[in-house]
Number of protein chains: 2
Amino acid sequence: MKRRSLQSIQKQLQSSSYKLTPQRQMTLQVLLEKDDSHMSAEEIYIQLKKKYPSIGLATVYRTLDILTELGVVYKVTFEDGISRYDLKMEGNEHFHHHLLCLECGRVEEIADDLLTDIEPLVEQEFQFKILDHRLTFHGICHDCQLKKKGEE
Amino acid sequence: MKRRSLQSIQKQLQSSSYKLTPQRQMTLQVLLEKDDSHMSAEEIYIQLKKKYPSIGLATVYRTLDILTELGVVYKVTFEDGISRYDLKMEGNEHFHHHLLCLECGRVEEIADDLLTDIEPLVEQEFQFKILDHRLTFHGICHDCQLKKKGEE
DNA sequence: TTGGTTGCAAACAGTTTGCAACGGT
DNA sequence: ACCGTTGCAAACTGTTTGCAACCAA
């Protein structure tokens, strides 16, 4: 499961009437570097500040909106109401689920496509054209299970 | 797939050191009446105001927190960042998914348990103890598909 | 010069919290 | 009298917006 290259995303931006500004390039760079970390807009902003201190939070939000619209990133929102952004994989669709640990709050990404068999069934039964999905398992991660055992 | 009775929920509240106040009873009543409608705290508040005009929004939030903690309701948060609350079914677990129409915003509930086969696989592969899940399909609902065809 | 883009500050919306008043036991 | 609960207003937090300045074509 490979990530897309910076270049291919940049091309997509430009060919969509969006300008490839330094701010947008830096944002993409941070997303690629800190891959798999499910960062919120604020966390991305903090990373960006290190490389580009003059950047504003609003710009980060605007850039993330564009990237979401173009399908470059996923926007996922958990029950805490904070939106987090992940780069999409190459090949694009449906390979992206989460494990959310209720103990430590960590988000693990799992790449298996668990729903290939299920989606056609749902489409047919409910006459609903599926474009995307969000699947998150809530539970206790391996580390926290061990920690709990240790405490007993 | 049956909903729980008002009485059984009331008993659970009382046996959990929470008082069964009129505000909490009314909130439960609204949830049972407007079942399947995926209401936000604000929407529940508006319904409550009709029957109990003196109620405050903070109380609604506090009640919904309790009900979530007790497992009486599900709290689901979509990408718009607004939390919505659904009563859990009788029998309790894992029978609850959503179809979110990207066209009209409507949320449809589907009751099939699509994940029974998948969960054991995930638990084993990632050593993750699954307690709950959230599965939402994003797409175009039947009505909007028809509408679109009509426009062509 | 035009039109998209930016940074800032203010506005916004959903949610939470501090607190005095309330009410059942 | 006690203690959980309530309604209100203020505070908080993540996100959006208005706007003047900016910048590349």
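Below, chain A is the first sequence line, B the second, and so on; all start at residue 1.
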Original post:
Do A:Lys51 and A:Gln29 have a side chain donor and acceptor closer than 3.5 Å?
Top reply: yes
Subject >> Separation of C:dT16 P from B:Leu57 CG (nearest whole Å) >> reply: 10 Å
Original post:
Taking the side chain as C-beta and beyond, is there a heavy-atom pair between A:His142 and B:Phe128 under 4.5 Å?
Top reply: no
Subject >> Check: A:Phe78 ring centre within less than 6.0 Å of A:His98 ring centre >> reply: yes
Under 3.5 Å, which donor-acceptor pairs link side chains of residues 62-69 of chain B to any protein atom two or more places apart or in another chain?
from    : atom 1 : to      : atom 2 : distance (Å)
B:Thr63 : OG1    : B:Thr59 : O      : 2.8
B:Thr68 : OG1    : B:Leu64 : O      : 2.7
B:Glu69 : OE1    : B:Tyr18 : OH     : 2.9
B:Glu69 : OE2    : B:Tyr18 : OH     : 3.3

Original post:
When the distance from OH of A:Tyr18 to C1' of C:dT5 is rounded to whole Å, what number comes out?
Top reply: 12 Å
**OP:** Quickly work out the B:Lys19 NZ to C:dT25 P distance and round it to whole Å.
**Re:** 8 Å
Original post:
What is the nucleic acid contact for A:Ile55, judged by heavy atoms within less than 4.0 Å: base, sugar-phosphate only, or nothing?
Top reply: sugar-phosphate
**OP:** For B:Glu79 and A:Arg134, run salt bridge (Lys or Arg N to Asp or Glu O under 4.0 Å): C-alpha distance rounded to whole Å, both residues' side-chain angles, the deciding distance at 0.1 Å, then the answer.
**Re:** CA-CA 10 Å; B:Glu79 271 53 42; A:Arg134 298 281 183 280; 3.5 Å; yes
Original post:
What is the distance from NZ of A:Lys49 to C1' of C:dT6, rounded to the nearest Å?
Top reply: 12 Å
**OP:** Could you check if a side-chain atom of A:Asp86 sits within less than 4.5 angstrom of a side-chain atom of A:Met39, using non-hydrogen atoms only?
**Re:** no
**OP:** Would you please confirm or rule out a distance under 4.0 Å between OP1 or OP2 of C:dT6 and any side-chain N or O of A:Thr21?
**Re:** yes
Original post:
Within the structure shown, what part of the strands sits under 4.0 Å from A:Ser54 by heavy-atom distance: base, sugar-phosphate, or nothing?
Top reply: sugar-phosphate
Subject >> Euclidean distance, atom CD of residue B:Glu43 to atom P of C:dT15 [Å, nearest integer] >> reply: 10 Å
Original post:
Between A:Gln23 (CD) and C:dG4 (P), how many Å, whole number?
Top reply: 17 Å
Subject >> Leading and trailing nucleotides of DNA chain D with any atom under 4.0 Å from heavy atoms of chain A >> reply: D:dG14 to D:dG18
Original post:
Hey, which of these two, B:Arg24 or B:Ala58, hits DNA chain D nearer its 5' end, going by closest nucleotide?
Top reply: B:Arg24
Original post:
Does B:Lys88 make a cation-pi contact with B:Tyr74, if we ask for NZ or CZ under 6.0 Å from the ring centre and within 45° of the axis?
Top reply: yes
Subject >> Gap between atoms CD1 and C1', on A:Ile82 and C:dG14 respectively (whole Å) >> reply: 13 Å
Subject >> Rounded distance in Å - CG (A:Leu20) to P (C:dT5) >> reply: 11 Å
